[in-house]
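Nothing fancy with the numbering, it's 1 onward along the sequence. All of these numbers come straight from a predicted model, not from anything done at the bench.
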Amino acid sequence: MMERNEKFIKREYRKALFPIMFSVLGGTINTLIDSAFVSQSNGPDALASVNLCMPIYLILCVIGALISNGAVMLSAKEIGKKNQDKAVEIYHSAFCWYLVIGVFISIVGLFFARPIATMYSHGGALTEYVFDYAFVTLIGAIPTIMIFLPIKYLQLEGDNKSISIMMVIMIVSDIILDYLLLFVFRLGLTGAALASVLSTLFATVFGFVMLQRGINFRLNITSLNLKNTLRIVRYGFPSAIGNLVDSIKMSMLNSLILVSLGSSGVAIWAVLNSLSEISITISTGVPQAASAMIGVYYPSRENSSIRSLVKLQVLWGLILSTGYGLLMVACCKPIQSLFAVNSDMLIPIVCLGIGMILDVFAGIWVKYFNTIGKITISGFINVTRKLVFPVSVAHILVSNGVMLWLFLPIAGVFTIITAIGAIVFYVINYKNRKHKKLSPILLLDDQLEIENKIIDFSIEPNTEQICEAATKISDFCEEHHMDKKTLMRLSLAIEELLTVLAEHFSNTKSVDMRAFVTEDETGIQIRIAGEFFDIFKAAEEETEDPTKYMGVTMMKKLANTTNHYYALGINTIHIFFNKQTKEEE
């Protein structure tokens, strides 16, 4: 008996995981690189100043995440609804908003960098350092915020290789520029900030060039618009609010640590933040690699695929976060030397490692609920995770003379408990309000599965399994009142259609199949990874061998609607039949 296996999902998730993690790392590693170079060239005060500027960078990330996450989630949903033109329109809206907002931030930086630096440094001895870094960061806002857009849409295109190249360009050029500007030209923090801006610009330009060479999201200046603003903001809000509260948290904790532990404490905190930026690669990258796929799958209620993706996130999140935590502990002394910190870092690093493992679970929940449209619950978990518990626990520990760094794991425990409570409350409230059940933890509607109105299975594209798949779908359609004459032709058409796909994608090991029944229609879906191939268009254009696509042509005549779309490097074929009544049979 054929069942849904996870080969297809595992393969596609793994293909996205490390490039996406790399992209998240690229978004944060510039700060780590700057911190390391600055500490070696200008000492602990300069290192502390880079950390004091972190809220400014996070505010830019707020804007980048707000627009890019909102836009790509909407585009993924439109693709899932078979509306490619709308998905492209949203992409153009996002690009236009980046230009408008980026210019505005640059103007703000030109006139207000000095008071901003004074505010973050409390007017102390670090003010000039902070001003140098903040001024260049704000002036160069456009590439800093816009780099999010090609990363997100290259993932939606399935071009994960280009994302990796973007990050290599950013990291390598940042290291080279940091060395030249800090050690050769002696530009201090101005040089460090300029290295970050320029390296980000190089990577961003490359990303847009690769999108132009893609299939779906090619930029057309005449198509720029400011439409879809409210929808983009709504879907991007949870991710953006996460970066916003990160900025607020950083400002509050910086002040708390500066007052309670002095500049040496701020230096330790700067190192922990740099290490934490790499951990964000895991807590953000692991769920982000799945979010576009979940965004496409959720509108068509592909719950089995969604559950597989969540399991993969948990598995990879635990493996990677635990491994990174152990690596940090093992490399404690080299880390101290790299950042030129004299204080013992072992206990702070252990606290960071435990908190990081707990944060992975919260990160998966936040991204998942945002993707499926549960915006309120996603935002609630994110705010408690990033601001409420870290700041409140840190204040309590300092007030009671307890070691401050314990706030990292304790805040993580409180976040998990609160998230579970919020989900339980939502499930109970939804049941009372809608009189329907949602699955625990993931809040999925399993009504089609409960009523046996859906089948999901995977096949290897060989002759035997193709025949079995055609029979299984025909039997399912017969159970749901499709007439016998149509069934015979349908079975033959599916066999021939799958045979053509198997010949075209000769290296494919697994194809995902799905059939479902709703109140209005019966649907068949086929997913196969590989290069773009619209089998229906190919059938129309075939002139040399009319029999090659005979099954495809037959399917188009049988079906009410046929549709093909390409996203995430996956070809998806939809075939819909009007639901028949007893009289029509």
Side-chain angles (χ1 to χ4, degrees), residues 26-61 105-106 108-145 147 170-203 246-247 250-251 253-255 257-258 262-277 338-341:
T28 60
I29 201 170
N30 278 2
T31 304
L32 174 62
I33 295 170
D34 288 350
S35 297
F37 274 98
V38 162
S39 64
Q40 295 293 332
S41 64
N42 293 79
D45 283 350
L47 171 62
S49 299
V50 173
N51 192 63
L52 291 174
C53 289
M54 182 65 73
I56 298 172
Y57 174 75
L58 291 174
I59 288 172
L60 298 181
C61 290
I105 294 172
S106 296
V108 169
L110 189 63
F111 292 101
F112 296 100
R114 175 69 63 179
I116 290 172
T118 303
M119 178 183 68
Y120 280 119
S121 62
H122 298 278
L126 302 179
T127 300
E128 286 303 315
Y129 273 145
V130 174
F131 169 74
D132 290 343
Y133 199 87
F135 180 77
V136 177
T137 300
L138 290 169
I139 294 296
I142 291 180
T144 303
I145 63 174
I147 191 170
M170 174 185 280
I171 293 169
V172 172
S173 60
D174 191 38
I175 291 172
I176 294 171
L177 289 170
D178 262 325
Y179 177 79
L180 291 174
L181 297 177
L182 286 171
F183 290 96
V184 177
F185 295 101
R186 301 288 181 180
L187 295 181
L189 266 70
T190 298
L194 186 60
S196 291
V197 170
L198 290 176
S199 60
T200 304
L201 176 63
F202 299 154
D246 261 338
S247 176
M250 283 292 297
S251 299
L253 289 176
N254 283 344
S255 299
I257 294 169
L258 185 61
S263 60
S264 62
V266 174
I268 294 175
W269 179 229
V271 175
L272 291 181
N273 271 319
S274 296
L275 297 174
S276 171
E277 289 300 310
L338 175 66
F339 290 95
V341 174

Out of curiosity, [X] [atom1] to [Y] [atom2], how far, rounded to the nearest 0.5 Å?
X: N42; Y: R186; atom1: CG; atom2: CZ; result: 8.5 Å
X: I175; Y: I33; atom1: CD1; atom2: CD1; result: 4.5 Å
X: I147; Y: I142; atom1: CD1; atom2: CD1; result: 14.0 Å
X: I56; Y: Y133; atom1: CD1; atom2: OH; result: 9.5 Å
X: L126; Y: D45; atom1: CG; atom2: CG; result: 5.0 Å

Report the residues that fulfil side-chain contact (heavy atoms from CB on, under 4.5 Å) with [X], sequence neighbours left out, ordered by chain and then residue number.
X: L201; answer: P143, V205
X: T118; answer: R114, T127
X: D132; answer: L189, T190
X: L198; answer: L177, L194, F202

With heavy-atom distances below 4.5 Å as the criterion, would you say the side chains of [X] and [Y] are in contact?
X: T144; Y: I105; value: no
X: T200; Y: D174; value: no
X: V197; Y: I139; value: no
X: V38; Y: Y129; value: no
X: V108; Y: L138; value: no

Which pair of heavy atoms, one from [X] and one from [Y], lies closest together, and at what distance?
X: A141; Y: S106; answer: N-OG, 4.2 Å
X: L182; Y: G188; answer: CD2-O, 2.9 Å
X: L181; Y: G191; answer: CD1-O, 3.3 Å
X: M170; Y: S199; answer: O-CB, 3.3 Å
X: V130; Y: S121; answer: CG2-CB, 4.0 Å

Could you list the residues that satisfy side-chain hydrogen bond (donor to acceptor under 3.5 Å, both in side chains) with [X], not counting sequence neighbours?
X: T137; result: none
X: S39; result: none
X: S255; result: H122

Donor-acceptor pairs are to be reported for all side-chain atoms of residues 266-273 against protein atoms at under 3.5 Å, with residues two or more places apart or in another chain.
unit_1, atom_1, unit_2, atom_2, d
W269, NE1, N254, OD1, 3.0
N273, ND2, N51, OD1, 3.0
N273, ND2, W269, O, 3.2

Suppose we screen for ring pair (Phe, Tyr, Trp, His ring centres under 6.0 Å). Which residues come up paired with Y179, at least two apart in sequence or across chains?
F183

